[in-house]
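Heavy-atom basis, side chains included; hydrogens, waters and symmetry copies ignored. Please read these numbers as outputs of a predicted model, since none were measured by experiment.
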Amino acid sequence: MTDDGFLDLQQLSKSHGAAFTLTISELTIARGEVLALIGPTGAGKSTLLRLLAGLDNPSSGHIRFDGNPFIGDRLTTTTRHRIATVFQRPLLLSRSVQANVEYPLQLRGTSGSQADRVRKLLERFDLWKLRDQAAGTLSGGQTHLVALARALVVEPDLLLLDEPTANLDPGNVALVEEVVRDLQQARGMTIVWATHNLFQARRVADRVALLLEGRLVEVGATEKIFETPADPRTADFVQGRTIY
């Protein structure tokens with residue numbers, strides 16, 4: 001991890017009517033770091049990921065991506081191709097497993113030259129034997145693995161993960177964490193990983209950010225957040241003393 005600001009958020013807010021507003025005064029995410037987003041359901045984790053994916057525009061404030069202004073509906077194709085997202089409920093195309101993983105490469109015009117990369121990812125996720133199977137026949141866990149392989153195959157500069165292991169058994173959770181960690185270290189990807197699993201956040205992240213009710217409560221080095229947090233709300237949350 002380096003200490004240059006790859007993503008910079010300033011006075012950012014996103015409102016969903018009168019019911020909810022995400023507000024982040026300031027947040028800098030370094031190039032090559034893994035930032036875990038923790039917080040209860042409805043805290044704003046998915047909203048933040050959608051902003052960072054360029055799928056929504058902020059209601060106010062600014063995002064800078066690698067030094068450049070970042071506005072969702074004005075992103076260039078080149079910038080969009082640097083970002084990959086795995087949603088909490090991923091959607092696959094009505095194609096085979098292999099065709100789904102190849103699809104983002106086809107959009108970039110590189111599918112023919114990256115066939116080996118596709119195969120290696122399918123093999124690492126134990127999906128090669130299912131490569132010709134229709135995506136619609138997969139289990140929930142298999143769907144998540146295919147969606148993750150589809151995101152990783154393009155080796156993005158920014159990988160956004162929204163509960164990518166929620167439907168996986170412990171063995172596959174460990175596999176996903178291992179594959180993502182290996183590729184992140186090899187490629188220097190920046191990863192923002194939303195998870196309800198505090199143990200996972202502690203395993204995978206360089207830093208952790210806690211969101212509560214649409215507010216960024218605290219962000220810091222992983223061990224500091226879990227061992228000596230500055231905010232009592234963080235201490236309550238990571239120690240399971242707060243119920244939402």
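Evaluated for a side-chain contact (heavy atoms from CB on, under 4.5 Å) with Val153, the options Leu122, Val118, Leu148, Leu183 yield exactly one hit, Val118. Each of Leu35, Ile191, Val219, Leu158 was scored for a side-chain contact (heavy atoms from CB on, under 4.5 Å) with Ile29, with one residue passing: Leu35. Only one option out of Thr228, Val208, Ile225 pairs with Thr234 in a side-chain contact (heavy atoms from CB on, under 4.5 Å); it is Ile225. Each of Arg108, Arg117, Lys120 was checked for a salt bridge (charged side-chain N to carboxylate O under 4.0 Å, His left out) with Glu155, and the lone residue meeting it is Arg117.
Under the 4.5 Å side-chain contact rule for hydrophobic residues, Leu75 and Leu55 do not share a cluster. Follow the hydrophobic side-chain contacts under 4.5 Å out from Phe87 and you never reach Leu138; the two are in separate clusters. In the hydrophobic clustering of ILVMFWY residues, with side-chain heavy atoms under 4.5 Å counting as a link, Ile83 and Leu37 come out together. With hydrophobic clusters built from ILVMFWY side chains whose heavy atoms lie under 4.5 angstrom apart, Leu7 does not share a cluster with Ile71.
Within the model, atoms CD of Glu177 and CG of Asn197 stand 7.5 Å from one another, a figure rounded to the nearest 0.5 Å. Once rounded to the nearest 0.5 Å, the distance linking CG of Leu127 with CG of Leu145 reads 5.5 Å. Annotation: the span from Leu48 atom CG to Leu27 atom CG amounts to 7.0 Å, rounded to 0.5 Å. To the nearest 0.5 Å, atoms CZ (Phe20) and CD (Glu213) are separated by 9.5 Å. Atom-to-atom distance recorded for Phe65:CZ and Asp157:CG is 6.0 Å, nearest 0.5 angstrom. Going from atom OG of Ser113 over to atom CG of Leu105 covers 7.5 Å, rounded to the nearest 0.5 Å.
The closest side-chain heavy-atom distance from Asn172 to Leu175 is below 4.5 Å. In this structure, Val217 and Leu211 have side chains that are not in contact, with every pair of non-hydrogen atoms separated by 4.5 Å or more. In this structure the side chain of Arg203 reaches within 4.5 angstrom of the side chain of Val173, judged on heavy atoms. Under the 4.5 Å side-chain criterion, counting only non-hydrogen atoms from C-beta, Ser25 is in contact with Gln11. Residues Leu152 and Phe125 have side chains in contact (heavy-atom distance under 4.5 Å, counting atoms from C-beta outward). Two residues are said to be in side-chain contact when any heavy atoms from C-beta on lie closer than 4.5 Å; Val192 and Leu161 fail this criterion. Residues Phe70 and His62 form no side-chain contact, since every pair of their non-hydrogen atoms from C-beta on lies 4.5 Å or further apart. Residues Pro164 and Trp193 have side chains in contact (heavy-atom distance under 4.5 Å, counting atoms from C-beta outward).
Across Leu216 and Ala209, no two heavy atoms sit closer than the pair CD1-CB, 3.8 Å. Across every non-hydrogen atom of Lys14 and Ser59, the tightest pair is CA-OG, 3.5 Å. Between Leu12 and Pro58, the shortest heavy-atom distance links the atoms CD1-CB, 3.4 Å. For the residue pair Gln142 and Ser139, the shortest heavy atom distance occurs at OE1-N, 3.0 Å. Residue Ala147 comes nearest to Val86 through the heavy atom pair O-CG2, 3.8 Å, listed as atom of the first residue, atom of the second, then distance. Across all non-hydrogen atoms, the minimal contact from Leu93 to Ala135 is O-CB, 3.5 Å.
One finds a salt bridge joining Arg124 and Glu178 here, because a Lys/Arg side-chain nitrogen approaches an Asp/Glu carboxylate oxygen to under 4.0 Å. Of the charged side-chain nitrogens involved, at least one lies within less than 4.0 Å of a carboxylate oxygen, so that Arg31 and Asp66 count as a salt-bridged pair. Between Asp8 and Arg64, no side-chain nitrogen of the basic residue sits less than 4.0 Å from a carboxylate oxygen of the acidic one, so the salt-bridge criterion is not met. Salt bridge Glu218/Arg233: absent, no basic N to carboxylate O contact under 4.0 Å. For Arg202 and Glu223, the salt-bridge test passes: some basic side-chain N is under 4.0 Å from an acidic carboxylate O.
No donor-acceptor pair under 3.5 Å is formed between the side chain of His16 and the backbone N or O of Leu22. A donor-acceptor contact shorter than 3.5 Å is absent between the side chain of Thr85 and the backbone of Leu160. Side-chain N or O atoms of Asn57 include one that pairs as donor or acceptor with a backbone N or O of Asp73 at under 3.5 Å. Side-chain atoms of Glu163 come within 3.5 Å of backbone N or O of His196 as a donor-acceptor pair. Between the side chain of Glu33 and the backbone N or O of Ala30 there is at least one donor-acceptor pair closer than 3.5 Å. Within the 3.5 Å criterion, the main-chain N or O of Ala205 finds a donor-acceptor partner in the side chain of Thr222. Listed for the Arg80 side chain is a donor-acceptor partner under 3.5 Å among the backbone atoms of Gly72. Judged by distance alone, the side chain of Asp162 and the main-chain N or O of Ser46 form no donor-acceptor pair under 3.5 Å. The main-chain N or O of Leu168 is never found under 3.5 Å from a side-chain atom of Thr165 such that the two would form a donor-acceptor pair. For Lys45 (side chain) and Gly39 (main-chain N/O), a donor-acceptor pair under 3.5 Å exists by modelled atom type.
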Exercise. Are Val179 and Asp182 close enough, and set up right, to give a side-chain contact (heavy atoms from CB on, under 4.5 Å), and what steps lead you there?
Worked result: CA-CA 5 Å; Val179 173; Asp182 288 349; 5.9 Å; no
Exercise. Step by step, would you call Gln114 with Thr110 a side chain to side chain donor-acceptor pair (under 3.5 Å)?
Worked result: CA-CA 6 Å; Gln114 302 299 338; Thr110 60; 5.3 Å; no
For this session: Before giving the answer on side chain to side chain donor-acceptor pair (under 3.5 Å), spell out for Thr21 and Ser13 the whole-Å C-alpha distance, their side-chain angles and the decisive distance to 0.1 Å.
Result: CA-CA 7 Å; Thr21 299; Ser13 72; over 6 Å; no
For this session: Kindly determine whether Thr195 and Gln200 satisfy side chain to side chain donor-acceptor pair (under 3.5 Å), including the steps that lead there.
Result: CA-CA 7 Å; Thr195 179; Gln200 181 172 75; 2.9 Å; yes
For this session: Using the side chain to side chain donor-acceptor pair (under 3.5 Å) rule, take Asp132 and Ser96 through it: C-alpha gap first, then chi angles, then the decisive distance, then the call.
Result: CA-CA 5 Å; Asp132 296 322; Ser96 70; 5.3 Å; no
For this session: Output, in order, the C-alpha distance, side-chain angles, deciding distance and verdict of side-chain contact (heavy atoms from CB on, under 4.5 Å) for Phe226 and Leu198.
Result: CA-CA 9 Å; Phe226 283 97; Leu198 297 182; 4.0 Å; yes
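The environment of OH in Tyr103 is sparse: at most 12 heavy-atom neighbours from other residues, nucleotides or ligands sit within 6.0 Å. Within a 6.0 Å radius of CZ in Arg215, other residues, nucleotides and ligands contribute 12 heavy atoms or fewer. Remark: Arg187 CZ is packed, more than 12 non-hydrogen atoms of other residues, nucleotides or ligands lying under 6.0 Å away.
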